[in-house]
Every structure is written in structure tokens, then in C-alpha cells.
Amino acid sequence: MNLEVLNVKDSGFSKLGPVFSETEINQISKAVSEYSKKFSEGIVFEKGTDTIRAIHGPHLYDSFFRDIAQDKRLVSFAQKVLGEQVYVHQFKINQKLAFEGANWPWHQDFIYWQEFDHIEQPNMVNIAIPLDEVNMLNGPLCIVLGSHKLGNVSESVSDNSRNVWQENVSSNLTFQVKKSFMQDVLSDGEYEFVTCAAGEGFAFDPQVIHASSNNMSASDRRIMIITYNAVSNVPKKLSSRPDFLSARSFEPIDV
């Protein structure tokens with residue numbers, strides 16, 4: 001088992017180093033721009049603006065992104081972390097654009113997939129590929145190391161309807177880790193701001209506590225995140241959420 005896999009299991013987070021080349025990142029960036037002009041499915045905007053906050057499920061509508069989701073470099077790593085074959089549960093591009101990209105509050109991912117998508121175990125992994133340099137000014141993820149071992153510590157903090165999926169991809173998340181809990185976590189635990197160059201990947205556990213601030217810079221901070229789920233961990237029933245948030249196909253990816 002390599003060091004990066006061990007780090008995900010131990011700390012809930014690991015940097016993967018360069019995954020995609022500069023040429024590949026340029027191709028992906030161009031495809032993202034073109035996609036956002038052609039499709040509306042799964043695209044959400046910053047509140048009260050026409051600025052794109054995130055693109056969900058592009059692999060369902062565009063073969064270019066389908067090939068990325070099935071890229072051997074990503075799938076092989078996910079298989080090593082989870083110990084079995086995987087499929088894509090979710091694919092999103094979080095676009096925290098210059099000066100306008102809003103924060104993500106302290107939260108865990110798995111609670112959404114458990115409560116809304118009927119997945120019972122957090123035997124999943126997020127693999128993230130920044131499409132731009134991520135620095136301290138443009139809203140990097142802050143990850144509380146080892147917090148995945150705490151289990152579910154999220155609570156419902158709003159009355160968002162489960163049928164309004166847009167509310168659960170906004171800065172006003174339904175499930176968050178409350179400030180009172182975070183005071184103890186941040187005083188007692190270690191945390192890391194994930195800064196890196198474009199194309200340098202990182203992986204994190206679905207239970208790890210994380211957040212990010214507003215983009216205060218003049219540069220975009222776009223991150224492509226693919227969530228892989230173990231084939232033994234398929235939902236117990238289909239979600240009522242759209243397929244660009246919750247997969248309908250559970251066939252393992254053949255690499």
C-alpha cells in the first residue's frame with residue numbers, strides 16, 4: 001500500500017502530486033468553458049447572480065468528461081483506497097470564480113449521500129484536481145486532519161427541503177458541523193489548507209470535516225471533484241435527487 005493511500009486512511013487526506021499535465025489541464029479548462037455554454041443540467045449559480053458556482057454531472061452528457069471520470073490514474077487510486085472496484089457516484093466542478101466565488105461552511109460530504117442518496121457506508125473517496133493554482137487568497141479547502149475518524153458529527157442547521165437540491169449545493173448547506181463543535185476540533189486538532197498548482201491532485205475521505213472561504217483574489221479557483229463509491233456500497237434504493245447528483249448506474253469501471 002503506497003503512502004498516499006495510507007494518508008487517506010490515516011489523516012483522511014492526501015496530496016497526490018502532479019496528476020494531469022499542463023496540456024491536459026488546458027484541454028479540460030477549455031472543455032469546461034464550452035460545456036457551460038451548451039448545457040444547463042446540473043449547473044448552479046452563486047446566489048442572486050449569473051456567476052456559475054458549480055457544474056454537476058458533466059460526465060453524463062459529454063464524452064470528454066466521461067473519459068476523465070474513467071481515467072486509469074484516478075480509478076486505480078480509488079480502487080486502492082477502497083480495496084475493490086468502483087463506480088462514479090458524483091462528478092462536479094466547483095467554480096469559485098474571481099471575487100465572486102462564495103464560501104463553503106464546515107461540513108462533511110457523506111451525510112448528504114447517506115440521507116439523500118441512501119448509501120449506508122462511507123466507503124467512498126473524493127479525488128480532486130484543481131484546474132487553477134490554489135492559494136491562500138482564492139479560497140482553498142481547509143481540511144481537519146483525522147476528523148473522518150469522528151464519524152458523523154453533522155447536524156441539520158436549516159429547513160431546506162430535500163426536494164430543492166439546489167439548496168444543498170449552496171453556501172447555506174442543510175447539514176453542517178456546528179460552530180460549538182468546531183471550536184473544540186480546531187483547538188485540539190490539526191488542519192491543513194490545501195494549496196497546490198493546477199493539475200496537482202488530492203484525495204479526501206467523505207467523512208473528513210472541511211470548508212473553504214470566499215475567493216478574495218483576481219484569479220479563479222476551479223476544482224474538479226470526482227466521488228468514487230465501492231461497488232459493494234451501492235444505494236439501498238434510488239435517490240429522488242437528479243442523476244447528476246446521485247448515480248443511477250453502478251457498473252464498475254473497467255481499467
Side-chain angles (χ1 to χ4, degrees), residues 8 28 31-32 35-36 38-44 52-95 104 107-129 148 152 154 160-170 173-175 201-208 210 223-255:
V8 173
I28 296 170
V32 169
Y35 181 91
S36 62
K38 296 177 183 177
F39 297 91
S40 60
E41 292 87 353
I43 293 181
V44 295
I52 294 177
R53 177 177 176 85
I55 299 170
H56 298 89
H59 65 304
L60 300 175
Y61 311 106
D62 189 296
S63 60
F64 178 86
F65 291 104
R66 183 180 66 244
D67 290 345
I68 290 176
Q70 298 178 358
D71 188 284
K72 184 176 181 178
R73 291 165 290 186
L74 306 180
V75 175
S76 295
F77 184 80
Q79 289 175 336
K80 290 175 183 176
V81 172
L82 302 180
E84 59 180 285
Q85 288 186 294
V86 300
Y87 70 92
V88 175
H89 176 66
Q90 198 175 90
F91 186 148
K92 57 182 175 281
I93 302 161
N94 286 342
Q95 294 208 144
W104 293 90
H107 68 284
Q108 299 169 293
D109 289 342
F110 179 63
I111 184 68
Y112 294 89
W113 303 329
Q114 182 179 50
E115 291 294 317
F116 298 153
D117 301 337
H118 315 296
I119 296 175
E120 292 191 338
Q121 301 297 325
N123 196 25
M124 310 169 77
V125 64
N126 295 313
I127 300 181
I129 306 293
H148 62 305
N152 175 36
S154 302
N160 290 340
S161 168
R162 291 174 181 241
N163 294 321
V164 183
W165 64 266
Q166 292 91 338
E167 291 297 318
N168 290 303
V169 292
S170 71
L173 293 175
T174 300
F175 296 104
F202 59 93
F204 58 104
D205 187 279
Q207 289 277 47
V208 82
H210 60 291
I223 298 180
M224 181 172 65
I225 303 176
I226 305 174
T227 302
Y228 295 95
N229 189 21
V231 294
S232 64
N233 195 37
V234 300
K236 293 305 177 183
K237 63 178 181 178
L238 292 181
S239 173
S240 62
R241 300 204 296 172
D243 58 356
F244 51 74
L245 289 180
S246 182
R248 299 293 191 271
S249 174
F250 314 120
E251 289 297 316
I253 302 170
D254 184 13
V255 295

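Just so we're clear, the structure is a prediction, and the values are computed from it rather than from any experiment.
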Determine the minimum heavy-atom distance between Ile93 and Pro58, stating which atoms define it.
CD1-CG, 4.3 Å
Given side chains that start at C-beta, do those of Ile226 and Asn126 come closer than 4.5 Å, heavy atoms only?
no
I'd like to check Phe175 versus Phe116 (side-chain heavy atoms, cut-off strictly below 4.5 Å). Are they in contact?
yes
Between Gln108 and Val208, is a side chain to side chain contact (heavy atoms under 4.5 Å, CB included) present by the stated rule, with each step listed?
CA-CA 6 Å; Gln108 299 169 293; Val208 82; over 6 Å; no
Are Arg53 and Gln95 packed together at the side-chain level, in the sense that at least one heavy-atom pair is separated by less than 4.5 angstrom?
no
Please work out which of the three classes, parallel, tilted or perpendicular, describes the rings of Tyr112 and His107, given edges at 30° and 60°.
perpendicular
All heavy atoms of Pro235 vs all of Ile119, minimum pair found to be CG-CG1, 3.8 Å
Atom pair CD1 (Ile225) and NZ (Lys92), whose distance is rounded to the nearest 0.5 Å:
5.0 Å
To the closest 0.5 Å, what do you measure between CD (Glu120) and CD (Gln114)?
8.5 Å
Run the numbers on Tyr87 and Val234 for side chain to side chain contact (heavy atoms under 4.5 Å, CB included), then give the verdict.
CA-CA 9 Å; Tyr87 70 92; Val234 300; 3.8 Å; yes
Spatial distance of atom OH (Tyr35) from atom CD1 (Ile28) [nearest 0.5 Å]:
15.0 Å
Enter the distance from Gln70:CD to Ser63:OG here, rounded to the nearest 0.5 Å.
10.5 Å
Intermediate values then yes/no, side chain to side chain contact (heavy atoms under 4.5 Å, CB included), Val44 and Ile52:
CA-CA 6 Å; Val44 295; Ile52 294 177; over 6 Å; no
Thr227 side chain reached by Phe91 side chain, heavy atoms, under 4.5 Å:
no
Within a strict 4.5 Å, meaning less than it, do heavy atoms of the Asp109 and His210 side chains meet?
yes
Assess whether side chain to side chain contact (heavy atoms under 4.5 Å, CB included) is satisfied between Met124 and Phe110, documenting all intermediate values.
CA-CA 9 Å; Met124 310 169 77; Phe110 179 63; 4.0 Å; yes
For the atom pair NE2 (His56) and CD (Glu41), what is the distance rounded to the nearest 0.5 Å?
13.5 Å
Closest approach of Ala203 to Val125 (non-hydrogen atoms, all atoms of both residues)
CB-CG2, 4.3 Å
Taking only distance into account, with no hydrogens and no angle test, what donor-acceptor pairs under 3.5 Å do side-chain atoms of residues 242-255 form with protein atoms, sequence neighbours excluded?
unit_1, atom_1, unit_2, atom_2, d
Ser246, OG, Asp117, OD1, 3.3
Arg248, NH1, Arg241, O, 3.4
Arg248, NH1, Ser246, O, 2.6
Arg248, NH2, Ser239, O, 3.2
Arg248, NH2, Arg241, O, 2.5

Hey, does the side chain of Asn229 reach the backbone of Asn233 with a donor-acceptor pair shorter than 3.5 angstrom?
yes
Close side-chain approach of Val88 to His59, heavy-atom, < 4.5 Å
yes
What I'd like to find out is whether the side chain of Phe204 reaches to under 4.5 Å of the side chain of Ile127, using heavy atoms alone.
no
Roughly how far, to the nearest 0.5 Å, is the CG atom of Asp71 from the CZ atom of Arg66?
13.5 Å
Taking C-beta and beyond as the side chain, do Val8 and His148 meet within less than 4.5 Å on heavy atoms?
no
